[in-house]
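Computation of the quantities below employed the complete heavy-atom set of this structure, encompassing side-chain atoms and omitting hydrogens, waters and symmetry-equivalent molecules. Positions are given from 1, in the same order as the sequence printed here. Small disclaimer: the values here were computed from a predicted structure and weren't measured.
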Amino acid sequence: MTDAQGWSLLGLVGVLLGVIGSLVVQQVRDRLDACIHGLETTFDARLAGFQVSVDARFDAVDRGFDHLDRDVRARLRDRFRREE
């Protein structure tokens with residue numbers, strides 16, 4: 001094998017290693033993107049569930065205050081009714 005053939009073979013091996021390396025990196029990137037997208041979807045779903053839960057609790061507290069307000073007005077009306 002001549003010197004030129006040796007350098008050509010070395011260049012070819014370098015190019016092949018570069019191509020294989022870039023393919024591996026692309027595969028890893030795709031898998032990471034898919035994993036991150038899955039985590040993002042899970043996080044969004046959990047956050048939406050948490051928001052629904054918090055909204056339901058605030059609605060329950062609000063209904064409780066509405067009933068309390070009604071009951072206090074009724075007690076005040078009974079207690080401080082003006083006799084005419």
Side-chain angles (χ1 to χ4, degrees):
M1 183 182 318
T2 66
D3 202 30
Q5 290 174 337
W7 284 107
S8 297
L9 188 60
L10 186 61
L12 183 62
V13 169
V15 169
L16 286 175
L17 285 176
V19 168
I20 291 171
S22 66
L23 288 174
V24 168
V25 167
Q26 185 63 36
Q27 288 294 321
V28 169
R29 269 185 147 176
D30 289 347
R31 287 185 185 201
L32 279 175
D33 285 344
C35 184
I36 288 171
H37 181 68
L39 288 173
E40 196 174 11
T41 303
T42 303
F43 179 73
D44 288 345
R46 286 186 181 186
L47 191 60
F50 177 71
Q51 186 177 10
V52 167
S53 173
V54 168
D55 286 345
R57 289 181 184 198
F58 274 116
D59 289 343
V61 169
D62 193 34
R63 281 192 303 274
F65 279 137
D66 288 344
H67 293 297
L68 180 66
D69 192 36
R70 182 194 64 210
D71 294 344
V72 167
R73 270 190 262 136
R75 296 274 184 192
L76 287 174
R77 211 175 21 252
D78 280 350
R79 183 74 177 146
F80 298 108
R81 186 181 302 166
R82 292 186 181 180
E83 295 180 14
E84 297 174 11

Quiz: residues 9-38 side-chain donor-acceptor pairs under 3.5 angstrom, not counting sequence neighbours:
from: S22; atom 1: OG; to: G18; atom 2: O; distance (Å): 3.4
from: S22; atom 1: OG; to: V19; atom 2: O; distance (Å): 2.8
from: Q26; atom 1: NE2; to: D30; atom 2: OD1; distance (Å): 3.1

> Taking the hydrophobic residues Ile, Leu, Val, Met, Phe, Trp and Tyr, and joining any pair whose side-chain heavy atoms are under 4.5 Å apart, which ones share a cluster with V54?
Replying inline: F50, F58
> What's the spacing between L47 CG and T42 OG1 if we round to 0.5 Å?
Replying inline: 12.5 Å
> Is there any side-chain hydrogen bond (donor to acceptor under 3.5 Å, both in side chains) pair reaching into residues 46-57, and which pairs are they, with sequence neighbours excluded?
Replying inline: none
> Mind checking what makes side chain to side chain donor-acceptor pair (under 3.5 Å) contact with D69, not counting sequence neighbours?
Replying inline: R73
> For atom CZ of R75, is the number of surrounding heavy atoms from other residues, nucleotides or ligands below 6.0 Å larger than 12?
Replying inline: no
>> Holding to side-chain contact (heavy atoms from CB on, under 4.5 Å), I want the full list of residues that pass it with V72, two or more places apart in sequence or in another chain.
In response: L68, L76
>> Going by the rule salt bridge (charged side-chain N to carboxylate O under 4.0 Å, His left out), which residues pair with D78 if we only count those two or more places apart in sequence or in a different chain?
In response: R81
